[in-house]
Amino acid sequence: MRTFPASTVLGYPRIGPDRELKRALEAYWDGRASRADLEATGAELRARTWQRLDALGLDGLPSNTFSLYDQVLDTIVLLGATPARYLDADDPYFAMARGTAELAPLRMTKWFDTNYHHLVPEIGRETVFKLDASKPVSEVRQALELGFETRPVVLGPVTFLLLAGALERLDEVLECYEELLATLAAEGVTWVQLDEPALVGDRTPQELAAVRAAYDRLGALPGRPGLLVASYFGDLGEAFGVLAATPVDAIAVDLVRGSVPPPAPDKIILAGVVSGRDIWRTHTDRALGLLRSVKAAQVVVSTSCSLQHVPYTVAVETSLEPGLWERLAFAEEKVAEVAGLSRLLTTGRPGSPPVTAAPPADLPPVAARSPYPVRAAAQAAHLDLPPLPTTTIGSFPQLGELRAARAAVTSGSLAESDYDKLVEREIEHAIRVQERLGLDVLVHGEPERNDMVQYFAEHLDGFAVTRHGWVQSYGSRCTRPPIIHGDVSRPAPITVRWAQYAQSLTDKPVKGMLTGPVTIVAWSFDRDDLPLAAVTHQVAAAIAEEVADLEAAGISIIQVDEPALRELLPLRAADQAAYLEWSVAAYRRATSGVSDRTQIHTHLCYSDAQEILSAIDGLDADVTTIESARSGARILGGVQGFGRGLGPGVYDIHSPRVPSVEEIAGSLRATLDALPAVQVWVNPDCGLKTRTYAQVEAALGNLVEAAREARAGL
């Protein structure tokens with residue numbers, strides 16, 4: 001029987017401790033570096049990762065967890081599934097990721113219930129699968145040259161096809177996986193990890209039969225490496241029995257979010273007892289208790305999922321309070337925990353029994369607003385907007401000067417008053433651009449904000465923020481998730497000053513811009529001693545105070561964004577109703593105190609929001625702006641009967657390409673076919689922070705012109 005190294009991780013951060021990959025990517029995209037320069041940065045980051053994992057005492061090292069952009073995109077290339085329209089691009093890989101002047105990029109959505117975004121495979125009838133194993137093979141060879149034997153990690157065939165909506169192509173894809181296993185065996189690889197996170201969701205009998213067929217077939221391949229099937233983000237449920245009945249050698253289970261699996265005396269079980277998604281130190285005795293409760297041929301200590309969802313190391317966070325710092329574990333510290341638990345597992349230390357889940361929190365009642373028709377009439381009279389009103393989502397481009405000034409304030413080399421003058425100048429610039437372009441509802445552009453969640457965390461009690469705790473969101477985009485470590489409250493107004501200043505510059509309405517309670521909690525590292533619902537309602541109470549102050553300051557439109565509403569939706573249907581009940585209630589708690597004539601907006605993006613339209617309607621926002629351009633207007637298939645204002649995005653801001661008037665007009669026609677004009681708003685998919693002013697002004701100019709043409713046809 002095969003044996004597995006005693007300790008491992010399912011994946012590791014890849015952006016670099018100092019965001020080296022981000023800078024290399026952006027230099028390549030801007031033409032300041034070559035593709036060879038970019039690849040060299042990737043090779044250096046991989047080498048440093050393997051060397052560090054080995055130094056921390058890890059027994060089994062993964063490879064092929066590094067990506068220049070996204071692991072799902074890498075799998076598209078691996079399987080030869082690049083859509084034909086991209087093949088003639090200068091760089092087909094990044095054409096799929098970001099688009100070109102002529103080509104829209106692939107659709108993007110959230111990786112299960114995380115804030116990581118992945119590209120969605122596009123499998124058509126014309127797709128012919130053909131293996132290109134150059135990436136995993138090259139990483140295996142690079143590691144061997146450094147003296148490390150590694151375990152290649154590849155997205156599994158079932159999850160890949162479920163993400164693509166093309167499970168009927170399984171037999172063809174399995175031919176590529178068989179060839180891949182044979183190729184890796186010829187390279188001397190002893191173990192391969194196939195990731196199947198889709199198996200922790202609700203799967204039909206037909207899908208489970210496909211799982212059984214796939215791993216019966218791959219397991220029967222002669223001379224293959226050992227097969228590890230890894231699943232995470234929840235409990236495998238009946239899928240565990242399906243996998244255990246196949247010839248796979250090892251199964252990785254998430255024991256942080258899932259339960260101890262049934263006994264599997266002929267399988268190796270990788271027990272994920274160290275969380276890959278939070279930043280709290282592992283309770284040693286509790287983890288040992290879980291490890292000793294697993295009954296298998298061999299128990300391997302592992303992380304619950306890849307560590308790409310946490311920062312590199314807490315060692316550099318010297319500004320955090322010592323009492324908090326000592327409770328934290330980022331990626332490096334979690335690797336050390338895995339190695340340490342593996343050593344303890346061989347001793348007689350018994351560990352403690354698993355703890356039971358905390359009871360649900362008692363949440364306060366939420367006041368109801370007036371019926372929507374009453375509010376809509378009051379808002380129409382007060383705001384006097386034209387049909388198909390145009391607006392943007394919130395942020396405008398942030399130039400290097402602004403980011404440098406923010407860093408200078410932090411270091412003490414720039415006075416706060418001088419920084420404030422720079423922010424005011426940027427706000428006025430954003431207002432004048434929008435007025436010149438002819439937008440109807442303006443935004444102040446958010447130049448004072450480093451991030452839509454971190455900014456609020458810096459102004460709320462109960463949060464801590466890091467200096468270097470970067471986590472990849474997608475491509476070169478990284479965030480520093482705040483840490484919720486205590487009860488949340490708002491000591492003073494946060495946004496009112498800047499919203500008031502922006503409104504003083506124009507007669508057009510300027511939206512007050514807030515991040516919603518669900519998103520603030522979802523994009524932070526949550527505290528581990530209170531139910532998620534209770535923490536979210538604390539944040540909601542703080543946001544409600546900000547909403548009230550904005551309204552008192554004369555702001556007539558207040559946008560409270562909830563892009564993470566769909567993201568946190570539990571992967572199992574049985575758990576979803578309870579989540580939607582408390583999350584929708586939290587949003588309404590934050591927004592229900594305003595008068596009828598104050599218009600509440602919300603925004604959602606890149607998260608298959610069409611799956612929770614009834615919940616979005618339940619938010620009771622007067623206007624919802626929502627991503628649509630990047631996803632090919634999928635949302636329009638389910639909006640019939642939606643009872644409030646809706647703005648399906650007509651401009652994909654995550655690509656540098658500028659859509660033409662004709663393209664935007666076509667999107668508007670499709671929207672007007674699905675919704676009455678009185679409900680339709682015209683807006684981009686998301687905020688404009690990552691774009692340049694040249695791109696933004698061209699795209700928004702086309703958006704305004706397309707809206708004018710559509711109005712003329714009403």
Side-chain angles (χ1 to χ4, degrees), residues 1-11 50 53-54 57-65 133 136-137 139-141 143-144 147-158 174 177-196 199 211-232 236 239-255 260-273 291-292 294-304 306 338-339 341-343 345-346:
M1 180 174 174
R2 299 178 193 265
T3 59
F4 200 92
S7 62
T8 194
V9 296
L10 299 187
W50 292 319
L53 293 178
D54 181 66
L58 200 67
D59 298 307
L61 306 185
S63 61
N64 203 47
T65 60
V137 167
E139 293 196 21
V140 165
R141 291 175 177 174
L144 282 173
F148 302 118
E149 181 179 344
T150 59
R151 176 185 78 254
V153 178
V154 179
L155 184 60
V158 175
L174 287 176
Y177 278 84
E178 288 175 327
E179 185 181 350
L180 173 65
L181 293 176
T183 299
L184 293 173
E187 294 289 329
V189 169
T190 57
W191 281 96
V192 173
Q193 175 180 324
L194 297 181
D195 281 3
E196 294 284 10
L199 302 189
V211 173
R212 176 69 180 263
Y215 287 101
D216 276 344
R217 179 170 165 179
L218 295 179
L221 187 69
R224 62 168 174 79
L227 271 182
L228 161 63
V229 178
S231 200
Y232 36 82
L236 271 169
F240 180 84
V242 173
L243 284 173
T246 71
V248 302
D249 307 284
I251 303 172
V253 294
D254 183 341
L255 296 188
V260 174
D266 62 338
K267 301 296 179 189
I268 299 168
I269 299 298
L270 275 68
V273 294
L291 288 165
R292 296 195 184 283
V294 177
K295 307 303 179 186
Q298 181 190 357
V299 178
V300 176
V301 184
S302 181
T303 51
S304 64
S306 171
V338 167
L341 284 166
S342 177
R343 291 190 295 270
L345 190 60
T346 63

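The two residues V299 and V294 have their closest heavy-atom pair at CG2-O, 3.7 Å. The two residues A239 and L199 have their closest heavy-atom pair at CB-O, 3.8 Å. Here the closest heavy-atom approach between residue D54 and residue L61 is recorded as N-CD2, 4.2 Å. Across all non-hydrogen atoms, the minimal contact from A297 to P265 is CB-O, 3.2 Å.
Inter-residue side-chain proximity for Y232 and S304 is flagged as unmet; no heavy-atom pair is nearer than 4.5 Å. Residues P62 and W50 have side chains not in contact (no heavy-atom distance under 4.5 Å, counting atoms from C-beta outward). Side-chain contact between S231 and D254 is absent, with no heavy-atom pair separated by less than 4.5 Å. With a 4.5 Å cut-off on side-chain heavy atoms, P152 and E187 do not count as touching. Between Y177 and L221, the closest side-chain pair of non-hydrogen atoms is not below 4.5 Å. Contact check for L218 versus L181: side-chain heavy atoms found under the 4.5 Å cut-off. Under the 4.5 Å side-chain criterion, counting only non-hydrogen atoms from C-beta, R292 is in contact with L345. By the 4.5 Å heavy-atom criterion applied to side chains, V154 and L180 are counted as neighbours.
For Q298, the side-chain contact (heavy atoms from CB on, under 4.5 Å) criterion is met by T3, F4, I268, V300, not counting sequence neighbours. Evaluation of the side-chain hydrogen bond (donor to acceptor under 3.5 Å, both in side chains) rule for E179 yields no partner, not counting sequence neighbours.
For the atom pair CG (L194) and OH (Y215), the distance works out to 4.5 Å, reported to the nearest 0.5 Å. Put simply, OG1 on T8 and CG on L58 are 5.0 Å apart, with the number rounded to the nearest 0.5 Å. Rounding to the nearest 0.5 Å places OG of S302 at 11.5 Å from CD1 of I269. Rounding to the nearest 0.5 angstrom, the gap separating the CG atom in L243 from the CD1 atom in I251 is 5.0 Å. Atom CD of E196 and atom CG of L236 lie 10.0 Å apart (nearest 0.5 Å).
At a cut-off of 3.5 Å, with distance as the only test, a side-chain donor of T190 or E149 sits close to an acceptor on the other residue. Between the side chains of T246 and D216, no donor N or O sits under 3.5 Å from an acceptor N or O.
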Would you be so kind as to tabulate the donor-acceptor pairs closer than 3.5 Å made by side chains of residues 222-229, with sequence neighbours excluded?
{"residue": "R224", "atom": "NE", "partner": "G219", "partner atom": "O", "Å": "2.9"}
{"residue": "R224", "atom": "NH1", "partner": "D249", "partner atom": "OD2", "Å": "2.7"}
{"residue": "R224", "atom": "NH2", "partner": "G219", "partner atom": "O", "Å": "3.4"}
{"residue": "R224", "atom": "NH2", "partner": "P247", "partner atom": "O", "Å": "3.1"}
{"residue": "R224", "atom": "NH2", "partner": "D249", "partner atom": "OD2", "Å": "3.3"}

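Checked options N64, L10, L155, L270; the residue passing with Q193 is L10 (criterion: side chain to side chain contact (heavy atoms under 4.5 Å, CB included)).
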